[in-house]
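I have placed the structure first, in the form of structure tokens, so that the comments after it can refer back to it.
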Amino acid sequence: MENLVEAKALTKHFGAFEAVRGIDVEVRRGEAFGFLGPNGAGKSSTMRMISCVSGRSGGELKVLGMDPGRDGPKIRARLGVVPQLDNLDTELTVRQNLQIYGRYFGMSRQRCREKAAELLEFAQLGDRADHEVEPLSGGMKRRLTIARSLVNDPELLLLDEPTTGLDPQARHLLWDRLFRLKQDGVTLIITTHYMDEAEQLCDRLVVMDGGRIAAEGSPSELISRYSTKEVLELRFPPGARKPDLERFADRVEVLPDRLLLYTHDGEHVLAKVHEQGVQPVQSLVRRSSLEDVFLRLTGRTLVD
Amino acid sequence: MQTLKASWAGFEKSWTWYRRNWQATAVSGFVTPVLLLVALGLGFGSQVESTALIGGVPYVQYLAPALVVVTALQGATFESTYSIMSQFLWQKSYVAMVATPITPAQVLYSQMMWIGSQLFVRSAVFVGVAALLGAAAGPGILLAIPLATLAGLAFSAPLVAYSATLEKPDAFTTIFRFVLMPMTLFTGAFFPVSQLPGWLLPLVWLTPSWHGIELARGAAFGTLDLLPASGHVAYLTALVVVGVAFGVRFFHRRLAV
Ligand SMILES: Nc1ncnc2c1ncn2[C@@H]1O[C@H](COP(=O)(O)OP(=O)(O)O)[C@@H](O)[C@H]1O
Ligand SMILES: [Mg+2]
């Protein structure tokens with residue numbers, strides 16, 4: 001299988017600070033690959049190296065089979081980049097943003113006009129085409145940024161936290177667009193600190209923390225490897241002493257306001273807990289998620 | 001070739017913006033020379049006796065070619081400070097550009113091309129207004145257009161490079177007050193620098209405005225000699241080259257992180 005990205009022992013320093021501490025990553029053609037990790041994990045730094053904007057401090061990196069240090073412009077010509085922070089030209093219109101970006105890729109004016117019309121439809125921004133960007137909602141700006149990144153028909157699309165800060169409806173709309181791209185055969189690399197986003201979109205992902213990769217696999221593999229089928233959540237009043245329930249579950253995580261009991265049968269454990277006379281404020285049985293994987297691997301929650 | 005094409009794409013972006021917002025710039029580009037020439041040249045100038053020191057011409061004609069240069073320098077300052085910082089930090093348009101095949105150096109080239117074209121247009125408008133107001137001594141003043149553009153770029157290129165190193169705009173006020181203001185007032189636009197105390201002169205010779213004013217005025221009155229003229233042009237060109245060289249480094253450092 002062909003790898004679009006190959007990184008070995010890749011590092012990034014900022015002065016004495018090591019933001020990325022030797023990661024190995026392979027991204028295959030056609031898949032949706034994720035970097036899941038909290039703020040400061042080094043996701044954006046990694047994305048900037050893969051997008052051939054920032055140089056690596058150490059290790060090896062190949063993108064589309066080429067060396068970013070030598071062939072940066074050639075590689076970038078075939079990438080689409082959605083940065084963490086929107087950098088649209090807010091004083092231009094929606095359509096102008098798309099057309100101008102096409103010109104950066106050396107496309108003819110005619111081709112830019114056609115492509116802009118096509119992408120306006122894809123981003124569902126047709127009725128805003130000739131409005132200025134500034135007053136658009138966050139979700140619309142994000143869709144425009146994604147549309148803009150597609151202007152050169154990229155083989156590999158890099159999305160740095162595509163839905164951070166958006167409301168649920170706007171997120172679902174965006175996910176829908178990304179599914180469509182995946183179906184069209186575009187390889188996606190997505191960073192996120194939302195485990196539901198990683199589960200929804202990614203075929204394969206790495207869990208990143210403190211500049212290192214803690215685990216790698218498909219969402220379901222990771223869950224079965226690092227967690228149990230079900231989780232029983234017991235919520236207690238703040239400050240209350242939490243009972244010792246280790247013996248009822250495979251593993252127990254103690255969070256400030258609740259206990260997480262990892263087990264293959266949550267209802268059964270809940271019944272046993274009630275038999276013991278333990279009275280949580282609230283109880284909930286749910287399926288394990290990547291959040292649990294992250295907690296297991298790092299001892300911390302993803303979003304606090 | 002590739003570089004030219006890429007820089008041209010960046011230029012087009014500025015042009016697209018300009019097409020939407022040209023009115024504001026155009027009004028100030030037209031009103032500023034009218035106000036300056038009428039108030040200082042014709043109004044104040046009517047009280048100024050022409051002396052041999054200013055070549056025996058009416059004060060407004062003495063002033064006009066120099067004001068083209070001074071306005072170009074003010075325009076250069078304006079285009080090389082907040083606008084540059086914004087494209088790194090606020091609008092982030094440079095950040096967007098380097099995610100495409102365009103390199104940081106090409107971003108800088110396109111910016112300098114844009115500033116150069118703006119300065120040229122401003123200077124041309126100024127000369128046109130001067131001609132209408134009878135402030136042009138002769139057709140030589142047409143040469144003030146490219147010369148003022150060159151002088152403006154000689155200030156702009158190092159300033160753009162400097163702006164690329166800043167995280168906040170506080171330093172700009174200092175530049176306006178302690179560099180642009182003295183350059184406007186004391187480098188020969190309003191009175192010959194021979195009136196200044198001698199110890200100040202070496203400082204004056206360092207400014208792009210003095211070289212620009214010497215050139216523009218000499219061209220307007222046809223009194224330019226080849227040797228000093230080449231010297232002025234060489235100095236201004238050197239400032240552009242050095243400024244762009246630093247700009248390439250600083251743009252790369254700033255954008256390739
Ligand atoms: N340009 C920079 N200069 C210095 N430190 C940086 C820079 N960019 C990122 N960092 C630091 O590197 C670490 C990783 O940042 P980043 O890659 O943005 O993580 P993430 O995207 O996962 O939140 C953070 O501690 C951040 O402060
Ligand atoms: Mg980030």
Side-chain angles (χ1 to χ4, degrees), chain A residues 12-15 19 44-45 47-57 68-69 71-93 95-97 99-109 112 130 132-134 145 148-149 151-152 154 158 160, chain B residues 1-25 79 82-111 113-114 164 167 248-257:
Chain A
K12 181 75 192 179
H13 304 189
F14 296 108
S44 295
S45 304
M47 289 293 255
R48 279 200 302 273
M49 288 191 280
I50 297 176
S51 60
C52 307
V53 166
S54 106
R56 60 184 182 273
S57 310
D71 295 314
K74 232 161 102 188
I75 302 172
R76 291 199 299 271
R78 292 161 59 190
L79 302 182
V81 176
V82 176
Q84 183 170 354
L85 301 170
D86 282 328
N87 51 27
L88 298 161
D89 283 309
T90 52
E91 291 176 349
L92 300 185
T93 67
R95 190 194 305 276
Q96 284 171 335
N97 265 275
Q99 289 180 350
I100 285 291
Y101 218 67
R103 298 290 289 158
Y104 294 164
F105 286 90
M107 291 158 54
S108 73
R109 285 202 187 78
C112 288
D130 298 305
E132 233 178 57
V133 168
E134 182 54 43
T145 306
R148 190 184 68 171
S149 74
V151 79
N152 59 327
L158 305 164
D160 197 355
Chain B
M1 200 49 229
Q2 204 56 45
T3 293
L4 195 66
K5 200 176 167 199
S7 309
W8 181 254
F11 184 90
E12 271 183 39
K13 192 219 90 181
S14 304
W15 169 242
T16 309
W17 178 88
Y18 186 78
R19 272 199 337 244
R20 289 176 63 78
N21 298 282
W22 64 274
Q23 289 93 342
T25 344
E79 302 264 358
Y82 291 100
S83 137
I84 302 299
M85 177 162 283
S86 166
Q87 300 191 74
F88 282 113
L89 285 177
W90 305 319
Q91 288 270 325
K92 296 197 172 69
S93 22
Y94 294 159
V95 181
M97 287 169 84
V98 295
T100 73
I102 295 178
T103 64
Q106 290 162 351
V107 171
L108 173 73
Y109 300 149
S110 73
Q111 184 63 57
M113 270 164 61
W114 174 249
E167 295 293 337
V248 166
R249 281 177 77 155
F250 296 158
F251 269 54
H252 189 270
R253 189 184 302 169
R254 188 72 179 263
L255 292 169
V257 285

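Every chain is numbered from 1 and lettered A, B, ... according to where its sequence line falls, protein lines coming before strand lines. The shown structure was predicted, so the numbers you read here are calculated from the model rather than taken from an experiment.
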Rounded distance [0.5 Å steps], [atom1] in [X] versus [atom2] in [Y]:
X	Y	atom1	atom2	answer
Arg103(A)	Trp8(B)	CZ	CH2	9.5 Å
Ser93(B)	Leu92(A)	OG	CG	9.0 Å
Asp89(A)	Gln87(B)	CG	CD	8.0 Å
Glu12(B)	Arg109(A)	CD	CZ	4.5 Å

Which one, Met97(B), Arg20(B), Lys92(B), leads in non-hydrogen pairs under 4.5 Å with chain A?
->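 Between Met97(B), Arg20(B), Lys92(B), the count favours Arg20(B).
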
Segment of [X] engaging chain B (4.5 angstrom heavy-atom cut-off):
X	answer
Arg148(A)	side chain
Thr90(A)	both
Leu88(A)	backbone
Gln96(A)	side chain

Does any N or O in the side chain of Tyr101(A) come within less than 3.5 Å of the main-chain N or O of Ala96(B), such that one atom is a donor and the other an acceptor?
->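 Yes, the answer is positive, given that a donor and an acceptor are paired below the 3.5 Å cut-off.
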
Heavy-atom count around Trp90(B) CH2 within 6.0 Å, excluding the residue itself: above 12?
->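 Yes, the 6.0 Å shell around CH2 holds more than 12 heavy atoms from other groups.
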
Nearest heavy atoms of Phe105(A) and Thr100(B), plus distance in Å |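 Minimum heavy-atom contact is CE1-CG2, 3.6 Å.
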
Which pair of non-hydrogen atoms, one from Pro101(B) and one from Pro73(A), has the smallest distance, and what is that distance?
->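 Nearest heavy atoms, Pro101(B) then Pro73(A): O-CB, 3.5 Å.
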
Tell me the residues of residues 249-257 of chain B whose non-hydrogen atoms fall below 4.5 Å from those of chain A, in number order.
->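 The stretch touches chain A at Leu255(B), Ala256(B), Val257(B).
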
Count the heavy-atom pairs under 4.5 Å between each of Asp86(A), Val53(A), Val81(A) and chain B, then report the option with the highest count.
->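 Heavy-atom pairs under 4.5 Å are most numerous for Val53(A).
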
